[in-house]
Number of protein chains: 2
Amino acid sequence: MTNSIKITRRNLLGATAGLIAAAGLKPSAASAQQAAATAAAPAASKAKPLPSYVSWKHADSMIVHTPTTIETKRSAIGSSIITPTDRLFIRNNLPAPSEADIGDVNAWKINFEGVGKPQTLSVTDLKQIGLETMATVLQCSGNGRGLFPGKPSGTRWQTGAAGCVMWTGVPVRDVIQALGGVSAGMVYMTGTGGEKLPEGIDPSAVIVERSVPVAAMQDAMLAWEMNGEPMPLAHGGPLRLIVPGYSGVNNIKYIKRLAFTKEQTQAAIQKTGYRMSPVGQKGDPSQPAVWTMDAKSWVTSPSPDSGPVKAGVVQITGVAMGGLEDVAKVDVSLDGGKTWQAARLVGPDLGKYAWRQFVLATNLKPGQYDVSCRVTTKSGVEQVAQSTENAAGYLNSGWIAHTVKIDVA
Amino acid sequence: MTNSIKITRRNLLGATAGLIAAAGLKPSAASAQQAAATAAAPAASKAKPLPSYVSWKHADSMIVHTPTTIETKRSAIGSSIITPTDRLFIRNNLPAPSEADIGDVNAWKINFEGVGKPQTLSVTDLKQIGLETMATVLQCSGNGRGLFPGKPSGTRWQTGAAGCVMWTGVPVRDVIQALGGVSAGMVYMTGTGGEKLPEGIDPSAVIVERSVPVAAMQDAMLAWEMNGEPMPLAHGGPLRLIVPGYSGVNNIKYIKRLAFTKEQTQAAIQKTGYRMSPVGQKGDPSQPAVWTMDAKSWVTSPSPDSGPVKAGVVQITGVAMGGLEDVAKVDVSLDGGKTWQAARLVGPDLGKYAWRQFVLATNLKPGQYDVSCRVTTKSGVEQVAQSTENAAGYLNSGWIAHTVKIDVA
C-alpha cells in the first residue's frame, strides 16, 4: 500500500529485536540479523501483554519488550508536554519491590552519608524540610539503541524510552544544608536503590548504585510525587532521586542511601556498566560514564505507528530536549536534511530540563518524504547528525537515525 | 482527639449535604440543617462508589456526590500543578454519551455558523488547521458552593470541583480565520453540546448551549487531547470547547456547533440558568451570566482530609489562580486573616490561565490555627474576603469561606 507509512529497515530491525527480547531471549547480532531477514508479519500481532505490576498502563500505547523494559509508541506520547504516567516507559534494572516489601510509604528511610551530620531520615522527615516541583525529561540511557545502524546489545528501544515528567519532592541541596553540608573533598553523589537483591549473587554485581558528579546535587531532588500522584512503585516510589539532565539510570528508584563520596561506587552498574565503551570492547572505569544527556529531538507524528498520511496540510509534531540547557529552536527537514524549515515551539515552557513540543504545518503532495528534525540549544549547540555508536548503544541522539520515512498518498 | 484536624461546622455542613445529594435526594436548606445536626459518623463510611463511566478514576481521591457530580478531595490534588485525569472532578449537566453514540472520534463533526463561510468540519479537518497546547484551570461554576454560609441549592462542592488541565487542540481564532472570519455585528460565541437529549422534554429546557462574549474567542480552543491522552468521553471528548478564564459550564463538551450570534442563546441553561441571581430570586436574563472566574486560592494541605498535623515545621501548600491574569503573589495567614506572610510560588509557570502552587514553611506549636490564603494578581487585584452569596451559590471565591481550621498536637 502506498498510503501507509513505510517502516524503514532500521525500524524493522529494532522492532524485531524487541520481540526477541520480549520472548525472553538475549538478543545478539546474529539473532537480530536472522530475525530481520525473516520477519514479515506485522509486529502488532505478536504484542506481549503488560506485566501485572504495570497492568494499569495504557496497553495500546506501549510496546512490551520484556517485563522490565516497556516503551511508549512513537505516536502515543501526545502533545501535552507532560507524559501521562500510564503511558510512561518502564525500565527497571531489577524487579520493582511489591507494596508488601515497601510498607508505609511515609516511613521509608534513607541514609545520608558524607555530610556534616550523617543521619537517617524518613519520607515524613523529608516532607518537613522543603518542597519543590519541576519537570524533567526522564530518558533511558539506551533510548534510540534500536536506531543505531549496528546491533549493540540490550533492549532495542526506538524513541519511547523517554517521557517528560512533573516531579514533586525536596531539593537535595536543602536536605544536605540541613545536615551540615557536603563533607570536604567529596567528588561524587552516590545513590543506592532499595531493590531486593537476588540471592546467591555478589551484591555489587547487581545492586543499583550510581555515582554522579557532586555538582549535580544543585538541581537534584528526592521526589515522592510524580505527575500529581504519589510515586508509583513501578517508577521508584516511595522515594526516587531525580538528577535533572542525567539519563534514567542515574535517577535512583527506592533510594535508601545518598552518600557523598571521594570515589565512584565499585558496583558493576557503575564500574563496568553504563560506560561509553567502543564497539567490541567491554566496559571499564577508564571510559566515560553514562551521565548527562545530549540535545535531542524526534518527530512523533506522522510516525511509523500513527497511520496513513493523506496529501494536504499536515502538522508535523515532535519533542525536543536541550540536555542541560533550554531549547532555542527546532528545524524540520522533509528531504532527509538537505533543506530545513523552522518549526514553532508549542505550549508552555516547563524549564530547561523539560522538553518542548514543536510543530511545523506543511502542505505535502503525494510522494515519499524523509522527515528529520534538529534542535539547537540556547547556547547554540546543535543536535548531532550522528552519535558515535558504542558497545551498549547508549545515548543515541543523532538526527539522521531518528529520521522517519513517510509515504503520502 | 486533639491531634486530628477539626472539621469546621461549615465543612461538615457541606460534606453532609454532599452525602444527601449522593443518596439521590435533593438537598434543601431544611434537610442539610437536619443532617448537620445529626451527622456524627465519619463521611468515609458512607462513600459512594464511582459510576461505571468513570470507574477508571482514583476512587480514594474522589467524593461522589451523584453519578454526574464527583469532586476531588481537598488534599488529593497533589503538588504537580497539572491535575491527573484520574483525579479530575466530573460535572456533567446531562449524562455523557457512550462510545457507541460517538463512533469514530476523528469523524466527529462540528458546524460553524455566523462566519464568512459557514461549514461543517470533522476533527480530522480541524487537526489540519492548527495545533496549540495550553494549561487552564477548569472549575465548575458552583465550586465552593458548600462553603457559603447559606444553603444555596445544588451540589455542595467544597474545593474539589476544579483542576488544572493541559489541553491540546486548535485555536478557535485559526479555524474562524480559515472560515472567513466572524460575520459583522456578532456579539456572542455560542457553543452547543452534543449530549443525547432526554425524550419528551422541550430541547431548549435541557440542551447544553452557552453564549460567551465574542472576545473570548481570542484564547479559546477546540481541544481533542487532555493531559496527553485523547479527551475521555467523561470530560467532553471527542471535542471540547475550552474558554480560558471562564467557568466550567462555558467549556462545552461534545461540541457539535459553534455559532457567532447577535443574541445569547434562548436555552434555559443560559437564559435562566447560571445567572448571578440574588438569594431567593429566580434566574433571569437581566442578571449577570456566570462567565469569567475570579482570583481565588485555597490551602490543600494540611486540610480536613489530609490527616493529623504534628507540631514542628509544616509545609502549608495550596493552589492559586488569577482568573484572567497571572498570579503575582499569595499570602498565608495562620490566624484567620489578622496577620499574613508571603508564601513561595512553586514549580513552573504554565501561563495566566493555569494555577500556581504555593508553599509556606512554618513552625507550628501545638494549638488551633485558622489557616487562610489570599492571592493577588499581576494588576494588583486581591482575592475577595467574601463573595456575595447568590441563589445558586456560584463563583464562591472568598478567602474567609475557604479557611481551614487545623489542630496541631
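- A:Gln177 CD: 12 or fewer foreign heavy atoms inside a 6.0 Å radius.
- The most heavy-atom pairs under 4.5 Å with chain A, out of B:Ala361, B:Ala135, B:Gly347, come from B:Gly347.
- For residues 229-237 of chain B, a heavy-atom distance under 4.5 Å to chain A picks out B:Glu229, B:Pro230, given by residue number.
- In this structure, CD1 in A:Ile82 is found 8.0 Å from CG in B:Leu350, a value given to the nearest 0.5 Å.
- Heavy atoms of A:Lys310 lying under 4.5 Å from chain B are absent altogether.
- When heavy atoms are compared at a cutoff of 4.5 Å, B:Thr317 approaches chain A solely by way of its side chain, counted from C-beta outward.
- One finds the CG atom of A:Asp86 at 8.5 Å from the OG1 atom of B:Thr85 (value rounded to the nearest 0.5 Å).
- For a residue to count as touching a neighbouring chain, one of its non-hydrogen atoms must lie under 4.5 Å from one of that chain's; by this rule B:Ser79 touches chain A with backbone and side chain alike.
- Chain B forms more heavy-atom pairs under 4.5 Å with one residue of A:Ile77, A:Thr83, A:Leu131, A:Val359 than with any other, namely A:Leu131.
- Listed here is the closest heavy atom pair of B:Gly228 and A:Ser80: N-OG, 2.8 Å.
- Counting heavy-atom pairs closer than 4.5 Å to chain B, the top residue among A:Met226, A:Gln128, A:Met134 is A:Gln128.
- Taking A:Ala162 as the reference, A:Gln139, A:Asn143, A:Trp298, A:Trp355 meet the side chain to side chain contact (heavy atoms under 4.5 Å, CB included) condition, with sequence neighbours excluded.
- Chain B forms more heavy-atom pairs under 4.5 Å with one residue of A:Met166, A:Gln315, A:Arg344 than with any other, namely A:Gln315.
- Proximity to chain B (any heavy atom under 4.5 Å) is shown, for A:Val346, by both the backbone and the side chain.
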